[in-house]
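Since this is a predicted model, take the numbers as computed values, not measurements. The figures here come from the full heavy-atom set of this structure, side chains too, leaving out hydrogens, waters and symmetry mates.
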Amino acid sequence: VQLQASGGGLVQPGGSLRLSCTASGPIIAINTMGWYRQAPGKGRELVAVSASFGSPNYGDSVKGRFAISRDNAENTVSLQMNSLKPEDMAVYYCAADLSGFAGSSWPLYDYWGQGTQVTVSS
């Protein structure tokens, strides 16, 4: 299974970006897909994840500004990021969990995308 992320880039504070991630390969079913991020010198942080059933789970720092959406039929997940702040600047990673056990625990995710850089700067 491969995850291909796209959509990162440079944006001014207060601006918006949309990230997308598509899973490909011998996929039977993906339970949870979502996004984590990692800024220089910091650990991996939950941004938003979406399980096959139930409500999405958002990191506290992005609630009300970011929105995750998912197309199960296409094995894609997107992240709409609004009102971006300099502290949102990081490498954003798409992640997929097949079993449903990972939840918001990033070490338990089965597959990771290559990461896409989001830079928020004026």
Which distance, rounded to the nearest 0.5 Å, do you find between the CD of Q80 and the CD1 of I68? 12.0 Å

Going only through I, L, V, M, F, W and Y residues with side-chain contacts under 4.5 Å, is there a path from V77 to Y58? yes

Got S6 and T116 here, is their nearest side-chain heavy-atom distance under 4.5 Å? no

Closest non-hydrogen atom pair, L46 against V49: CD1-CG1, 3.7 Å

Which pairs count as salt bridge (charged side-chain N to carboxylate O under 4.0 Å, His left out) when at least one residue sits in residues 36-60, sequence neighbours excluded? R37-E45, R37-D88, D60-K63

Step by step, work out the side chain to side chain contact (heavy atoms under 4.5 Å, CB included) result for V47 and Y93. CA-CA 9 Å; V47 179; Y93 295 94; over 6 Å; no

Worked check of side chain to side chain contact (heavy atoms under 4.5 Å, CB included) between T22 and L3: CA-CA 6 Å; T22 300; L3 302 180; over 6 Å; no

Quick one: does any side-chain atom of S20 pair with a main-chain N or O of S78 as donor and acceptor, under 3.5 Å? no

Treating Y109 as the side-chain partner and G103 as the backbone partner, does any N or O pair qualify as donor plus acceptor under 3.5 Å? yes

When rounded to the nearest 0.5 Å, the distance separating CE of M33 from OG of S50 is 9.5 Å

So do the side chains of V1 and D110 get within less than 4.5 Å of each other, counting heavy atoms only? no

Got a donor-acceptor contact below 3.5 angstrom from the Y36 side chain to the V91 backbone? no

For E74, look at atom CD and say whether over 12 heavy atoms of other residues, nucleotides or ligands are found less than 6.0 Å away. no

How long is the straight-line distance from OG of S121 back to CG of L84, given to the nearest 0.5 Å? 12.0 Å

Locate the shortest heavy-atom distance separating S122 from P13; write the atom from each residue and the value. N-CD, 3.7 Å

Kindly compute the distance separating CZ (F66) from CG (L17), expressed to the nearest 0.5 Å. 9.0 Å

Treat each ILVMFWY residue as a node, draw an edge where side-chain heavy atoms are under 4.5 Å apart, and state whether V120 and V62 are in one component. yes

Atom CG of N57 and atom OG of S104: how far apart are they, to the nearest 0.5 Å? 5.0 Å

Report yes if the side chains of D97 and L108 come closer than 4.5 Å at any heavy-atom pair, otherwise no. no

When you compare the side chains of S69 and D71, does any donor N or O come within less than 3.5 Å of an acceptor on the partner? no

Distance in Å, L79 CG paired with R70 CZ, rounded so as to fall on 0.5 Å steps: 14.0 Å

Side chain to side chain, W112 and C94, heavy atoms closer than 4.5 Å: no

Which heavy atom in A29 sits nearest to a heavy atom in L98, and how many Å separate them? O-CD2, 3.5 Å

Say whether, by atom type as modelled, one donor and one acceptor occur between the side chain of Q114 and the main chain of A5 under 3.5 angstrom. yes

Is there a side-chain contact between F101 and N31, using heavy atoms and a 4.5 Å cut-off? no

